[in-house]
Every structure is written in C-alpha cells, then in structure tokens.
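Below is one structure, written out as structure tokens; comments come after it.
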Amino acid sequence: MSVPARITSRRSLAAIAVAMLAALGMATPASAVQATTYAALGDSYSSGVGAGDYGDSGACKRSANAYPNLWAKAHSGTELTFVACSGARTPDVLKQADSVKSGTNLITVSVGGNDAGFVDVITKCTLGSDQDCQNRVNTAKDYATKTLPGLLDGVYSKLKSKAPNAKLVVVGYPRIYKVPGSCNVGLSDAKRTAINSGSDALASVISARASAAGAKFVDVRGPFTGHEICSGDWWLNSLTWPVDESYHPNKAGQAKGYLPALTSAAG
C-alpha cells in the first residue's frame with residue numbers, strides 16, 4: 001500500500017468512527033469537533049471595562065477578564081476576534097463588523113446603551129434631583145423605543161450578511177441597582193428605580209429586535225439579580241476611579257454573570 005493510500009485509509013476510518021459514535025449518541029473525540037471561530041463585538045459591557053487587566057488595548061479597555069476571553073479560554077481551539085470597545089455605539093459596531101470573517105460560526109454583540117445616552121443618564125442622576133433623573137431616563141426610554149430599533153436592525157443585518165452561518169448572540173445589560181438596597185449613601189431609591197426602568201426598556205427593545213433578526217438574546221437581568229449595586233454581593237462597580245469603570249460589571253460580573261449566560265446560549 002502506498003503512503004498516500006495509507007493516509008487516505010486512516011482518514012476514512014476516522015470518519016467512519018466519528019459517524020458511528022454520532023449514530024450511537026456518543027461524544028465525538030475533541031479532535032473531531034469543529035473549532036469555534038468567534039467574533040466578539042460591542043461596547044464596554046463586552047470589552048470588559050470595570051474588570052481590569054486591559055493589556056495593550058488602549059481606550060477600548062478590552063479586559064482579559066471579559067466574557068469573550070473567558071469563553072475562548074474555556075473552549076480549546078477557539079479563534080477569537082475581540083473588537084468590542086468602550087464607548088461603542090451602533091455606528092462603531094457597524095465598523096467592528098468589518099472584522100467578521102465569512103466562516104465565523106459564533107458572534108456576540110452588545111450595543112444600544114450608549115446610543116440611548118447611558119453616560120448622560122448616570123451623570124444626570126448622580127448630580128441632579130430625583131425629577132431630573134426621572135426626566136433624563138424617560139428621554140432615554142423614548143429614544144430606545146422610537147429610534148434605537150432601526151439602528152439595531154442595521155447592526156444585526158450586517159452581522160448576518162458577513163457570516164450567514166454564524167450563531168448570532170445578542171447580549172443584554174443587567175439592572176444596575178437593588179431597590180431597596182443596603183447602601184446607606186448615594187442615589188435615592190427613586191433614582192435607582194428610574195435607572196433600572198431604563199435597563200428594562202433597553203432589554204425589551206433589544207430582545208424584540210434580536211428575535212426579529214433570528215438571533216438569540218441573552219438576558220442577564222436574571223443572573224445579576226441579587227448582585228446589583230446595593231445588594232449583599234455586588235457584581236457591578238459603583239462610582240469608582242477611573243470614573244469610566246463606574247456602573248460596569250466587575251470580574252465577578254463577567255465570570256459569574258455574563259460567562260454562564262453566554263455558555264448556555266452558545267450551546
């Protein structure tokens with residue numbers, strides 16, 4: 001038997017073995033499982049702002065502790081394209097989408113919070129009155145329901161066109177505060193409630209548009225329940241330094257909140 005024939009024979013036997021294991025409902029060897037080509041896009045909640053260890057990612061603050069890196073490390077052989085960036089809005093994510101390869105089989109994306117004015121909401125609620133806070137949140141909610149849907153549709157459509165066979169996972173945002181909570185200082189319960197209502201409005205809009213695009217929506221409000229700011233076990237930073245890390249998931253939020261939710265959704 002020639003060497004090429006012997007190699008061909010071995011490959012054929014391997015293919016037959018994999019097929020037999022699949023038919024019997026048995027796990028296939030790790031070497032026979034297709035590696036994941038994973039593209040992680042989005043804003044600061046995906047880049048990992050607040051979780052530290054940003055390496056040389058500059059202002060994008062891509063953390064080694066962010067859920068895309070954690071997921072890739074947990075799945076051997078994953079080829080990760082990690083382009084999520086702090087401050088990203090829908091136009092930025094449309095540019096990030098240019099890095100997605102046609103053969104990508106998993107895409108995650110979080111976007112919409114900055115479009116709706118997340119930073120301005122937090123600033124107004126921190127420095128203004130209860131009514132100021134509620135008014136600013138209502139403005140953000142109005143934007144989320146009237147303007148954001150079309151912007152999200154554009155993002156999801158481009159991602160699906162870039163990688164038609166990829167599983168598209170749209171990742172949401174947690175509620176920020178526990179109300180009432182154990183904090184003795186800081187924002188009033190009225191402000192905390194208003195901010196949380198903004199999170200709920202975003203979740204409703206993003207979930208609906210993700211569903212319309214045939215994507216899987218990951219709602220992390222459930223996993224973060226009991227771990228909000230002012231709870232007994234915070235998975236989010238409160239007002240902190242550097243200030244841009246405020247109101248973002250910490251290492252525990254990424255590892256215990258986002259990672260398990262993505263793992264469940266990605267299969």
Side-chain angles (χ1 to χ4, degrees), residues 42-51 61 86-90 110-149 151-152 170-210 217-250 252-254 256-258 261:
D43 54 23
S44 54
Y45 274 68
S46 288
S47 72
V49 172
K61 288 197 166 182
S86 176
R89 301 184 181 189
T90 48
S110 66
V111 69
N114 291 322
D115 292 81
F118 172 76
V119 173
D120 192 50
V121 166
I122 293 299
T123 301
K124 182 68 71 173
C125 289
T126 300
L127 301 177
S129 66
D130 286 358
Q131 191 61 55
D132 291 335
C133 177
Q134 291 167 355
N135 290 344
R136 183 61 186 87
V137 170
N138 286 338
T139 299
K141 288 161 70 172
D142 187 63
Y143 182 94
T145 56
K146 295 179 180 178
T147 305
L148 187 58
L151 299 175
L152 295 176
V170 175
V171 184
Y173 304 96
R175 294 188 185 98
I176 302 294
Y177 283 100
K178 180 175 176 59
V179 185
S182 59
C183 298
N184 295 320
V185 295
L187 302 188
S188 66
D189 280 356
K191 290 181 178 180
R192 296 172 192 168
T193 298
I195 291 171
N196 283 354
S197 75
S199 297
D200 289 338
L202 274 176
S204 178
V205 170
I206 295 171
S207 174
R209 300 328 304 158
F217 176 64
V218 174
D219 190 348
V220 294
R221 291 175 298 171
F224 272 80
T225 297
H227 302 285
E228 311 93 332
I229 297 171
C230 297
S231 69
D233 180 22
W234 299 17
W235 286 0
L236 296 128
N237 299 314
S238 184
L239 188 61
T240 187
W241 185 261
V243 70
D244 63 344
E245 298 190 3
S246 303
Y247 309 107
H248 284 80
N250 55 27
Q254 291 285 340
K256 297 179 181 181
Y258 275 97

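For the salt bridge (charged side-chain N to carboxylate O under 4.0 Å, His left out) test, residues two or more places apart in sequence or in another chain that qualify with D244 are K61. By the salt bridge (charged side-chain N to carboxylate O under 4.0 Å, His left out) test, D130 pairs with no residue at all, sequence neighbours left out. Remark: F224 pairs with W235, Y258 by the ring-ring contact (aromatic ring centres under 6.0 Å, His included) rule, at least two apart or across chains. Residues forming a side-chain hydrogen bond (donor to acceptor under 3.5 Å, both in side chains) with S197 (at least two apart in sequence, or on another chain): K141. For S204, the side-chain contact (heavy atoms from CB on, under 4.5 Å) criterion is met by no residue, not counting sequence neighbours. Partners of Y45 under the ring-ring contact (aromatic ring centres under 6.0 Å, His included) rule, at least two apart in sequence or in another chain, are Y173, H248. Residues satisfying the ring-ring contact (aromatic ring centres under 6.0 Å, His included) criterion with F217, sequence neighbours excluded, are absent altogether. Qualifying side-chain hydrogen bond (donor to acceptor under 3.5 Å, both in side chains) partners for N250, counting only residues two or more places apart in sequence or in other chains: none.
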Note to self: Assess the residue pair S47 and S86 against the criterion (side chain to side chain donor-acceptor pair (under 3.5 Å)); give the C-alpha distance rounded to whole Å, side-chain angles, the decisive distance to 0.1 Å, and a yes or no.
What the structure shows: CA-CA 6 Å; S47 72; S86 176; 5.5 Å; no
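Residue pairs meeting the salt bridge (Lys or Arg N to Asp or Glu O under 4.0 Å) criterion with at least one member in residues 197-209, sequence neighbours excluded, are D153-R209, R175-D200, D200-R221. Among residues at least two apart or in separate chains, salt bridge (Lys or Arg N to Asp or Glu O under 4.0 Å) pairs with a member in residues 113-127 are D120-R136. Listed by first and then second residue, the ring pair (Phe, Tyr, Trp, His ring centres under 6.0 Å) pairs involving residues 122-149 amount to none (not counting sequence neighbours).
Nearest approach of P249 to L236, heavy atoms of both residues: N-CD2, 3.8 Å. The two atoms that bring L187 and T126 nearest to each other are CD2-CA, 3.8 Å, heavy atoms only.
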May I have the list of side-chain donor-acceptor pairs in residues 176-183 shorter than 3.5 Å, sequence neighbours left out?
unit_1, atom_1, unit_2, atom_2, d
S182, OG, C230, O, 3.0
S182, OG, S231, O, 3.4

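Defined by atom type and a distance below 3.5 Å, a donor-acceptor pair is present between the side-chain atoms of N135 and Q131.
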